[in-house]
Protein chains: 2
Amino acid sequence: MTKTKPIEPDTATDDKNQQILQGAMQEFLTHGYAGTSMDKVAKRGGVSKATVYSYFADKEGLFAALVQRLACEQVYFTVVDEEPTVALRLVAETLLDKSKKTPEFLNFVRLIIAESGRFPQLAQTFVKNIAKPGIERLTHYLASREELKLPDPEATARIFIGSLIYFQLLQEMMHGKEIIPMERDRFVDDLLRLVLSCKPN
Amino acid sequence: MTKTKPIEPDTATDDKNQQILQGAMQEFLTHGYAGTSMDKVAKRGGVSKATVYSYFADKEGLFAALVQRLACEQVYFTVVDEEPTVALRLVAETLLDKSKKTPEFLNFVRLIIAESGRFPQLAQTFVKNIAKPGIERLTHYLASREELKLPDPEATARIFIGSLIYFQLLQEMMHGKEIIPMERDRFVDDLLRLVLSCKPN
DNA sequence: GTCTATAGATCGATAGAC
DNA sequence: GTCTATCGATCTATAGAC
């Protein structure tokens, strides 16, 4: 903001670097990897194309840097230490609200899936930084609640999260809302019923 | 196969048409929409580029025609009329084996998700022709098995299918197998336990 | 009908001025 | 460091020969 630039050790995140990544994010999230041009990235970031290439080796390097940054920032959901009916419903609603509160997240997931064939290690970055921690948090919670008597908390955690992600995938990402509509609460109710009212034989 | 071409009314599916679509399929499924060039489509189909444009108006038209065809051919899974432990396990294993038996299917789902932002109506074609019938078949089965006493068969069907799709998405499509491994049977066992051993309070 | 050849635009990446 | 200008390749789509 200030015109006089304060003494800023170059260890900090560069200003232009952030500008470029910001512009790159909008382009890649909207048009995908192949559909994004370095010209538009430069224009969107308010710099010249040569400047982009002075900060990133090539298009792949820029894309990888962007995915790394987004994968570090985003958090799927958190689990509060309350009784299951409260905590699990909160997890479900957090997940289902995620695309409303941060609409870029839906596009980010779409982008990762779209490029998971051509950039397998970027998909693995997503799994490692976002999906895995989420599964582990929920697994830990389910295991800690002994009253649930779950024989396999990790499998149940995957079922819980997976069915919610699929719901979002079908209704929002693939625009299935109008074709196979279902109220959010109705789905969550049945999911909670399955996990909570289930006792091993 | 025969050299002498039999009298074939042009109402039937054209030969060149099929060649082009076949070539287009390999290219689009591998490289996505923006990453596919009409030159390569033509080369892969064994025709010239001008011929491609004589059969399809433009790149978007070709892509739409391909998705329409694939969405009509593919079938998610079928439900046999056996007792739940048998029928549901068969559904689960059919779904999880789908990508092994027809590896193009994984790429097809990836492509649909990848382009669901730019081609929403093609995603809806997928939902209408593939996802919705699958959900409806399983819903009908779950509702017909009164011993399950499921209060909301459709929601349960979505949970069942969704958790399986997510498993495939994470383990195979996003290459999460090595990062968060889980045996297929262990996951299916827990999913069946949830659905089968659950009685309403 | 199907081809070759090519137009016109845009791509990723770089050279050279400042 | 950042810019403008540009290269060679590749893109979608079409014109014109056969």
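Letters go in sequence order (proteins before strands), and every chain restarts at 1. Bear in mind that the values here come from a model prediction, so they are computed numbers and not experimental data.
Glu146(B) pairs by the side-chain contact (heavy atoms from CB on, under 4.5 Å) definition with nothing, not counting sequence neighbours. Taking Tyr53(A) as the reference, nothing meets the ring-ring contact (aromatic ring centres under 6.0 Å, His included) condition, with sequence neighbours excluded.
Note on residues 86-105 of chain B: pairs passing ring pair (Phe, Tyr, Trp, His ring centres under 6.0 Å), not counting sequence neighbours, are Tyr76(B)-Phe105(B). Note on residues 119-129 of chain B: pairs passing side-chain hydrogen bond (donor to acceptor under 3.5 Å, both in side chains), not counting sequence neighbours, are Glu178(A)-Gln124(B). For residues 151-176 of chain A, the set of pairs meeting the ring pair (Phe, Tyr, Trp, His ring centres under 6.0 Å) definition, not counting sequence neighbours, comprises Phe167(A)-Phe187(A). Sorted by first and then second residue, the side-chain hydrogen bond (donor to acceptor under 3.5 Å, both in side chains) pairs with a member in residues 33-49 of chain A read Gln26(A)-Arg44(A), Glu27(A)-Arg44(A), Asp39(A)-Lys49(A), Ser48(A)-Thr51(A); sequence neighbours excluded. Pairs passing the ring pair (Phe, Tyr, Trp, His ring centres under 6.0 Å) check and including a residue from residues 122-154 of chain B, sequence neighbours excluded, read Phe108(B)-Phe126(B). Under the salt bridge (Lys or Arg N to Asp or Glu O under 4.0 Å) criterion, the residue pairs touching residues 51-69 of chain A are Arg69(A)-Glu73(A), with sequence neighbours excluded. The list of salt bridge (Lys or Arg N to Asp or Glu O under 4.0 Å) pairs with a residue in residues 163-177 of chain B, not counting sequence neighbours, reads Glu172(B)-Lys177(B).
Of the residues in residues 19-44 of chain B, none has a non-hydrogen atom less than 4.0 angstrom from any atom of DNA chain C. Only Ser48(A), Ala50(A), Thr51(A), Tyr55(A), listed by number, bring a heavy atom of residues 48-59 of chain A to less than 4.0 angstrom from any atom of DNA chain D.
Summarising the geometry of Leu88(B) relative to Leu138(B), their closest heavy-atom pair is CD2-CD1, 3.8 Å, with the distance given to 0.1 Å.
First and last contacts of DNA chain C with chain B, using any nucleotide atom under 4.0 Å from a protein heavy atom and ordered 5' to 3', fall at dT2(C) to dT4(C).
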